[in-house]
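Just the heavy atoms: all of them, side chains too, but no hydrogens, waters or symmetry mates, feed the values below. Start at 1 and go down the list; that is how both ligands and their atoms are numbered. The first residue of the sequence shown is numbered 1, and numbering continues consecutively from there.
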Amino acid sequence: MTHTKLFIPGPVEVSQKTFQAFCKPMIGHRSGDFKKLYAAIHPRLQTLFGTTQPVFISTSSAWGVMEGAIRNLVGKKVLNCMCGAFSDKWLDVSRRCGKDADSIQVDWGQPILPDALDKKLSEGGFDTVTLIHNETSTGVMSPLEDLCGVMKKYPDVLLVVDTVSSFSALPTPMDDLGIDVLLTGSQKALALPPGMALFSVSPRAFERAATIKTRGYYFDFLEFKKNQAEDMTPSTPVISHIYALQSKLDDIFAEGVQARHDRHARLNALVADWVRKNGFEFFAPEGYRSKTLTCVKNNREIDVPALIQRLRERYSCVIDGGYGKLKGKTFRISNMGDETDETISALLDWLDDCLE
Ligand SMILES: Cc1ncc(COP(=O)(O)O)c(C=O)c1O
């Protein structure tokens with residue numbers, strides 16, 4: 001089947017092997033077969049999350065869990081760290097949930113830095129922080145380890161980290177870093193179709209959740225915990241997607257987790273070389289660039305939609321033309337998921353041909 005291959009930063013190309021896993025016959029979600037399926041994938045999910053805590057499967061996109069984290073954890077006031085479209089939106093979501101919320105806002109293209117986090121938290125009054133590790137809209141990766149270091153000074157403040165576009169492409173060891181909620185979505189580096197999110201919750205975050213009366217039902221962390229203890233989910237899960245996840249975990253562990261991280265770094269470097277060779281600049285500063293996508297500054301003022309149209313017509317693939325207010329001013333090339341040296345090198349050759 002011919003199709004337009006996606007080199008956008010999610011959803012990304014999904015393999016035929018993964019699609020085939022979707023076609024397994026249906027099973028009941030309270031059956032022994034389902035429990036076996038969840039129990040079979042759970043230890044590998046814990047390894048990827050770097051946690052001994054339960055890992056939950058949510059039949060939603062990432063925003064379900066992002067909103068759920070606010071509903072479950074914020075009793076006093078949340079600090080939303082904002083540096084791009086998705087992290088900015090989290091403040092709006094916090095307020096829509098009726099929570100007291102404040103922000104650190106940096107210019108799009110800049111990372112969240114430890115000093116800024118420390119300064120804001122020292123004002124006091126916060127009980128939760130939200131952070132996006134890899135801001136997909138700007139291609140900026142904030143320094144997770146250093147930010148987690150700052151959090152250690154504020155033991156009563158919980159940290160929620162979105163690894164939607166970095167999970168499984170980079171190490172994000174939840175327990176070692178002291179992260180309280182780590183969440184991701186299916187359609188980025190996991191190279192699954194959209195519609196499923198994964199997350200894990202620390203013991204102290206469960207304790208906090210138990211004190212919050214307005215957790216709702218669908219994303220109630222304590223419901224997830226109770227059900228996972230019996231290898232189940234609170235409501236009917238997206239079973240076909242879970243079969244696909246099992247297939248993907250087979251792929252990830254056959255490749256090796258470290259090899260997977262190395263591959264993402266290597267492919268990202270190929271794209272970076274192409275950017276420099278063609279006289280473009282990076283939107284993100286050195287040291288804070290994403291390893292799963294490249295947000296290219298359109299300093300040459302090329303016609304980005306025309307470039308993408310030529311790519312589509314000549315090579316049946318697309319890159320992204322810039323997110324929101326960055327449309328046309330940037331373009332984004334994804335190297336996440338199942339891409340290889342060959343596929344990324346081919347894309348870069350095609351881009352050379354289409355630049356004109
Ligand atoms: C970093 C990040 N967080 C959150 C989201 C929201 O994910 P979803 O739309 O799948 O809920 C995205 C989507 O691209 C993202 O890139």
Side-chain angles (χ1 to χ4, degrees), residues 6-14 56-71 78 80-94 96-97 103 105-106 108-112 129-144 147 159-170 172 179 181-200 218-219 237-238 241 244-245 248 264 268 283-284 288-295 318-327 330-337:
L6 301 180
F7 286 99
I8 63 173
V12 301
E13 176 83 351
V14 175
F56 305 123
I57 301 167
S58 173
T59 299
S60 68
S61 74
W63 268 120
V65 181
M66 292 162 79
E67 177 168 333
I70 300 293
R71 288 183 185 273
V78 57
N80 300 112
C81 300
M82 299 174 14
C83 63
F86 299 104
S87 47
D88 288 9
K89 182 84 191 161
W90 223 338
L91 174 68
D92 178 36
V93 171
S94 301
R96 289 187 197 205
C97 290
S103 63
Q105 171 83 75
V106 299
W108 283 27
Q110 295 304 311
I112 302 295
V129 171
T130 70
L131 175 74
I132 290 192
H133 179 211
N134 194 66
E135 190 25 279
T136 321
S137 61
T138 58
V140 169
M141 193 163 66
S142 289
L144 184 60
L147 291 163
L159 176 64
V160 182
V161 179
D162 162 326
T163 62
V164 167
S165 57
S166 55
F167 184 79
S168 88
L170 286 141
T172 50
I179 294 168
V181 177
L182 189 88
L183 68 100
T184 192
S186 52
Q187 75 273 26
K188 310 277 181 180
L190 287 173
L192 296 167
M196 184 178 65
L198 302 168
F199 68 107
S200 185
Y218 196 70
F219 295 108
V238 63
H241 228 126
L245 174 62
K248 179 53 63 182
H264 279 86
N268 190 254
F283 192 64
Y288 300 101
R289 284 180 204 139
S290 166
K291 295 274 181 254
T292 55
L293 70 124
T294 304
C295 186
V318 285
I319 57 169
D320 173 84
Y323 194 98
K325 66 184 179 189
L326 299 179
K327 206 172 262 310
T330 61
F331 55 94
R332 297 179 301 165
I333 304 171
S334 165
N335 60 275
M336 63 182 121

Report yes or no: do Asn80 and Ser103 form a side-chain donor-acceptor pair below 3.5 Å?
no
Which of Ser166, Ser290, Ser142 passes side-chain hydrogen bond (donor to acceptor under 3.5 Å, both in side chains) with Asn134? Answer is Ser290
Short question: side chain of Arg96, backbone of Glu67 - any donor-acceptor pair under 3.5 Å?
no
When the aromatic ring centroids of Phe86 and Tyr323 are compared, is their separation below 6.0 Å?
yes
Can you list everything that forms a salt bridge (charged side-chain N to carboxylate O under 4.0 Å, His left out) with Lys248? Sequence neighbours excluded, please.
Asp251, Asp338
Do the side chain of His241 and the main chain of Pro193 share a donor and acceptor less than 3.5 angstrom apart?
yes
So which residues, sorted by chain and number, lie with a heavy atom under 4.0 Å of ligand 1?
Ser61, Ala62, Trp63, Met66, Phe86, Ile132, Asn134, Thr136, Asp162, Val164, Gln187, Lys188
